[in-house]
Number of protein chains: 2
Amino acid sequence: MMSHGSVSELTELEGVALSVVARSGTMTAYGVKEVLAGSPSRFWSGSAGAVYPLMKRLTKRGLLSPSDTATGRRAATTYTLSPDGQRALRAWLSDVDKAVDPGIDPLRFRLLYLSLLNENEKQQFMSEVSQRLAEAIAAHPFPGGPDVFDNRNHQIWMKARRQAFEEAAREL
Amino acid sequence: MMSHGSVSELTELEGVALSVVARSGTMTAYGVKEVLAGSPSRFWSGSAGAVYPLMKRLTKRGLLSPSDTATGRRAATTYTLSPDGQRALRAWLSDVDKAVDPGIDPLRFRLLYLSLLNENEKQQFMSEVSQRLAEAIAAHPFPGGPDVFDNRNHQIWMKARRQAFEEAAREL
DNA sequence: GGATGCATGTAAAATGTTACATGATTTA
DNA sequence: TAAATCATGTAACATTTTACATGCATCC
């Protein structure tokens, strides 16, 4: 049998968290939380309750190296990637199976079931979505951080989703 | 203040579950589980431990009406949408804010952080992803059920993602 | 009639959300 | 210097995963 887990597999949240740390070189839990909170997606809550424990778990797994950076009399921890963390991140980033997974797209789900609405509701929905997508594409800087959820990347994805939306609409 | 919650808001999982029931008119927890398990996305686990309790919660919230359909001596419950369930589902389906949310796209995240890999790794990744996307688009019937995660819809979305991928690649 | 798979769940553990607490720092 | 905001967490609760248990049907 192939050795299945020389590096531990990461969830999307874990992978993104490690990426954020790696990109900066060093980062606190708060910093990671802020980046996530700046995401255009509501699926990244960026809540303290999610992120602080996450960083602890990744530390316990040996993927992050904490250092105590208390300022004044206040406790604080800054993290860097350990060598194992770097390996795990590389494995996550280049995981093609995960990459091609369609993930979760709320628009896709709705188009799949839109026939459950009546004609009026459908029309209304399609027209509002169309408008909102156009706005999202036009809006250069969306509110939030420029790091993970980089504007340009966001725009590219929104354009692709609009295309899917229009194609699906044609077949509705 | 506006009455904020005459119908309870649904998560994506809840919305999809109600949609599956609504489309069939009637369905067991097992049926819903099977549809979810047939999804191309790993984010829908379709595990019994997720679905059976979910159906109970939706029942408790008054959105599903259970009926006892024991066959022989074995307990079984089939569900239909209650009037409140229908309203909640309509509200979910036509929720434009949720619809435009980018959701979770594993490919998007990876392209965002791909610069953390070295040139070789990047090349390898891009070429493999490209191939896998092409395969996914060409493959007419993907393994799994034809209901929620309808082939045609899946294909449209994969095409859109390939376009985003190519555009992002050009700017890498 | 034993093995295999379908159908219906539950239990323990992990993860994530919401809400709170509290120390430090900036701002009015 | 009081109020607001930033930063660092924890606690209770809800949800989800993983793993197990078990009854019925079918097929070999």
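Each chain gets a letter, A, B and so on, in the order its sequence line appears, and its residues count up from 1.
Counted by atom type alone, A/T78 and A/T26 present zero donor-acceptor pairs between their side chains at under 3.5 Å.
Checked against C/dT10, D/dT17, D/dT10, the side chain of B/K56 finds its nearest nucleotide in C/dT10. In this structure, the nucleotide among D/dT16, C/dT15, C/dG9 sitting nearest to the side chain of B/L13 is D/dT16. Among the nucleotides C/dT15, D/dT16, D/dG9, the one closest to the side chain of B/A50 is D/dT16. The side chain of A/T77 has D/dG9 as its nearest neighbour among C/dT10, D/dG9, D/dC6. Taking only side-chain atoms of B/Y52, from C-beta outward, the nucleotide of C/dA7, D/dT16, D/dC6 with the closest atom is C/dA7. The nucleotide whose nearest atom lies closest to any side-chain atom of B/R57 is, among D/dT16, C/dG9, D/dT10, D/dT16.
The NZ atom of A/K33 sits 13 Å away from the C1' atom of C/dT18 (whole-angstrom rounding). Following rounding to the nearest Å, A/R42 (CZ) and C/dT18 (P) show an atom-to-atom distance of 11 Å. In this structure, A/L36 places its CG atom 16 Å from C1' of D/dA7, rounding to the nearest Å. If you measure from atom CE of B/M55 to atom P of C/dT10, you get 14 Å, rounded to the nearest angstrom. Nucleotide D/dT17 holds its C1' atom 14 Å from the CG atom of B/L54, rounded to whole Å. Atom C1' of nucleotide C/dG9 and atom CG of B/D68 are separated by 14 Å, given to the nearest angstrom. Taking atom CD of A/E9 as the reference point, atom P of D/dT18 lies 12 Å away to the nearest angstrom. One atom, OH of A/Y79, and another, C1' of D/dA7, lie 13 Å apart when rounded to the nearest Å.
Comparing A/E14 and A/S47 along DNA chain C, the residue whose closest nucleotide (by nearest heavy atom) sits nearer the 5' end is A/E14. The 5' end of DNA chain D is approached more closely, in terms of each residue's nearest nucleotide, by A/Y30 than by the other of A/Y30 and B/F43.
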Should B/E167 and B/Q163 be marked as a side chain to side chain donor-acceptor pair (under 3.5 Å) after you check the CA-CA gap, both sets of side-chain angles, and the distance that decides it?
CA-CA 6 Å; B/E167 185 155 355; B/Q163 191 196 268; 4.8 Å; no
Could you walk me through whether B/E12 and B/W44 pass side chain to side chain contact (heavy atoms under 4.5 Å, CB included), step by step?
CA-CA 10 Å; B/E12 294 302 294; B/W44 295 134; 4.0 Å; yes
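Both B/V16 and A/F43 sit in one connected hydrophobic cluster of ILVMFWY residues. Membership requires side-chain heavy atoms under 4.5 Å apart, directly or through other members.
Without hydrogens or angle criteria, B/E128 side chain to A/V96 main chain gives no donor-acceptor distance under 3.5 Å.
Using a 4.0 Å heavy-atom criterion, one finds that B/T28 contacts the sugar-phosphate atoms exclusively. Backbone-only contact: A/A76 has heavy atoms under 4.0 Å from sugar-phosphate atoms and none from a base.
An OP1 or OP2 oxygen of C/dT17 is reached within less than 4.0 angstrom by a side-chain nitrogen or oxygen of A/S45.
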